[in-house]
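In what follows, a single structure is set out as structure tokens and then discussed.
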There are 2 protein chains.
Amino acid sequence: MADSIALDPVDLHILRLLQNDSRTTYRELAAEVGVAPSTCLDRVARLRRSGVILGHQLRLDPARLGRGLEALLSVQVRPHRRELIGPFVERIRTLPESRALFHLTGPDDYLVHVAVTGTADLQRLVLDEFTSRREVARVETRLIFQQWECGPLLPPPAESAESGH
Amino acid sequence: MADSIALDPVDLHILRLLQNDSRTTYRELAAEVGVAPSTCLDRVARLRRSGVILGHQLRLDPARLGRGLEALLSVQVRPHRRELIGPFVERIRTLPESRALFHLTGPDDYLVHVAVTGTADLQRLVLDEFTSRREVARVETRLIFQQWECGPLLPPPAESAESGH
DNA sequence: ACTGAAACCGGTTTGAC
DNA sequence: GTCAAACCGGTTTCAGT
């Protein structure tokens, strides 16, 4: 699974455009890339089938939705065993405040990206959903001043990835 | 700026549906929500104008694009002054390996989410783009075992956010 | 906020290379 | 096998109400 797909310049151009605005029409895509609309359609369908394209998502502004404060919580779960981390992950990832959850190497096992209404809401969240859990050994909270989503995700420039050992 | 917008149940229903699949047609939206398609169009246009909806984005699988390893880099930038952090942010956020960048409170000033081809690529990135920079005082690298995007981002349930400014 | 009509688009078919 | 052109049914969009 997860084999890297061979992508030609047309595929890359299409992906770049769709990452800016996933509702770009096939006609616009075609005009921009310099191929026929049906070709764009074929390419996108292939990219969907091959799993490169996971889906189309709406990006919302948390602040405009009344969640003006975001934070990252580093969490130690001890003991770090499947019986404990399964329910923990399931609970945390379904909290309305959670935006993303990472399972990491290093001393802190999880990083949780949350969006809350303010510091009072954040305090409540930390106390009621994290430190109150028996398996949570430590929580470290860092506020997010500012965040940037980075440029389009593209394959590495050369074929350096596969030197098959 | 970033005032919280008054959203009625129709808006919320539409947002929830579009977060699952931002290409849902206005017709489907209308059928699901129980209003006319043109009403959905009006609502979405308003949400776009008011800034709640930032855009429509394609979600890609980094692994299928040859970037099978992801990591979080915690970075200290010293001295932490505008003249230093401006160029640093600009450089890091435009790296093809960068997926997201956070400016944080706490001892580590920045967190960078990167996607690379493998450990060799990660080592190169850390050495060439981070520790080689004069203003970077410390870099801590943690690998991502697994990550989850969390449920739809919605406004907090009650009117606790706005107690009139 | 709904209706309806016209412009537009997605996706299939067909045909050329 | 891949791309381009034609085509149809569905979608978006904009009047008017």
Side-chain angles (χ1 to χ4, degrees), chain A residues 1-61 64-66 152-159 162, chain B residues 3-61 64-66 152-155 159:
Chain A
M1 66 148 214
D3 261 347
S4 198
I5 310 293
L7 299 172
D8 69 13
V10 171
D11 291 319
L12 294 179
H13 202 160
I14 289 173
L15 287 178
R16 251 194 313 270
L17 293 170
L18 285 178
Q19 274 180 99
N20 289 338
D21 178 5
S22 79
R23 282 194 328 182
T24 306
T25 66
Y26 292 116
R27 282 173 162 75
E28 275 183 81
L29 248 42
E32 196 82 32
V33 175
V35 296
S38 62
T39 302
C40 288
L41 194 84
D42 287 345
R43 296 306 187 98
V44 171
R46 254 186 36 209
L47 291 167
R48 277 193 137 279
R49 277 197 308 273
S50 68
V52 172
I53 293 176
L54 294 173
H56 298 253
Q57 205 177 25
L58 203 66
R59 296 196 317 112
L60 300 181
D61 183 350
R64 302 288 175 127
L65 286 165
L153 185 63
L154 290 175
E159 69 290 349
E162 309 303 325
Chain B
D3 260 347
S4 199
I5 310 293
L7 300 171
D8 70 13
V10 172
D11 291 320
L12 294 178
H13 202 159
I14 289 174
L15 286 178
R16 250 194 314 270
L17 293 170
L18 285 179
Q19 274 180 97
N20 290 338
D21 178 6
S22 79
R23 282 195 327 180
T24 307
T25 65
Y26 292 116
R27 223 182 207 218
E28 273 183 84
L29 247 43
E32 196 83 32
V33 175
V35 296
S38 60
T39 302
C40 289
L41 189 81
D42 286 346
R43 296 306 189 101
V44 171
R46 253 187 38 208
L47 290 167
R48 276 192 139 279
R49 276 197 308 273
S50 68
V52 172
I53 294 176
L54 294 173
H56 297 253
Q57 204 177 26
L58 203 66
R59 295 197 318 111
L60 300 181
D61 184 350
R64 302 289 174 126
L65 285 165
L153 185 64
L154 290 175
E159 69 289 351

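Residue numbers begin at 1 in each chain, while the letters A, B, ... track the order of the sequences. All figures in this text were calculated on a predicted structure; none of them were measured in a lab.
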Expected list for residues 30-45 of chain A: side-chain donor-acceptor pairs under 3.5 angstrom, two or more places apart:
from: Arg43(A); atom 1: NH1; to: Asp8(A); atom 2: OD1; distance (Å): 2.9
from: Arg43(A); atom 1: NH1; to: Asp8(A); atom 2: OD2; distance (Å): 2.9
from: Arg43(A); atom 1: NH1; to: Asp11(A); atom 2: OD1; distance (Å): 3.0
from: Arg43(A); atom 1: NH1; to: Asp11(A); atom 2: OD2; distance (Å): 3.3
from: Arg43(A); atom 1: NH2; to: Asp8(A); atom 2: OD2; distance (Å): 3.0

Of all of residues 25-40 of chain B, which get a heavy atom below 4.0 angstrom from DNA chain D, listed by number?
Thr25(B), Tyr26(B), Arg27(B), Ser38(B)
Restricting to side-chain contact (heavy atoms from CB on, under 4.5 Å), what partner residues turn up for Arg23(A), sequence neighbours left out?
Asp21(A), Tyr26(B), Arg48(B), His56(B)
Those residues at least two apart in sequence (or on a different chain) that pass side chain to side chain donor-acceptor pair (under 3.5 Å) with Gln19(A) are none
List in chain and number order the residues that pass side chain to side chain donor-acceptor pair (under 3.5 Å) with Arg59(A), two or more places apart in sequence or in another chain; answer none if no residue qualifies.
Glu149(A)
Testing the basics here: between Leu60(B) and Leu153(A), what is the closest heavy-atom pair and its distance to 0.1 Å?
CD1-O, 3.7 Å
Indicate the atoms forming the closest heavy-atom contact of Val52(B) with Leu65(A), along with that distance.
CG1-CD2, 4.0 Å
Which atom names give the shortest non-hydrogen contact between Ser50(B) and Leu47(B), and what distance separates them?
OG-O, 3.2 Å
Could you state the interatomic distance from CG (Leu154(B)) to CG (Leu7(B)), rounded to the nearest 0.5 Å?
9.5 Å
Answer with base, sugar-phosphate or nothing: what part of the nucleic acid does Arg23(B) contact at a heavy-atom distance below 4.0 Å?
nothing
Give the first and the last nucleotide of DNA chain D, reading 5' to 3', that has any atom under 4.0 Å from a heavy atom of chain B.
dT11(D) to dC14(D)
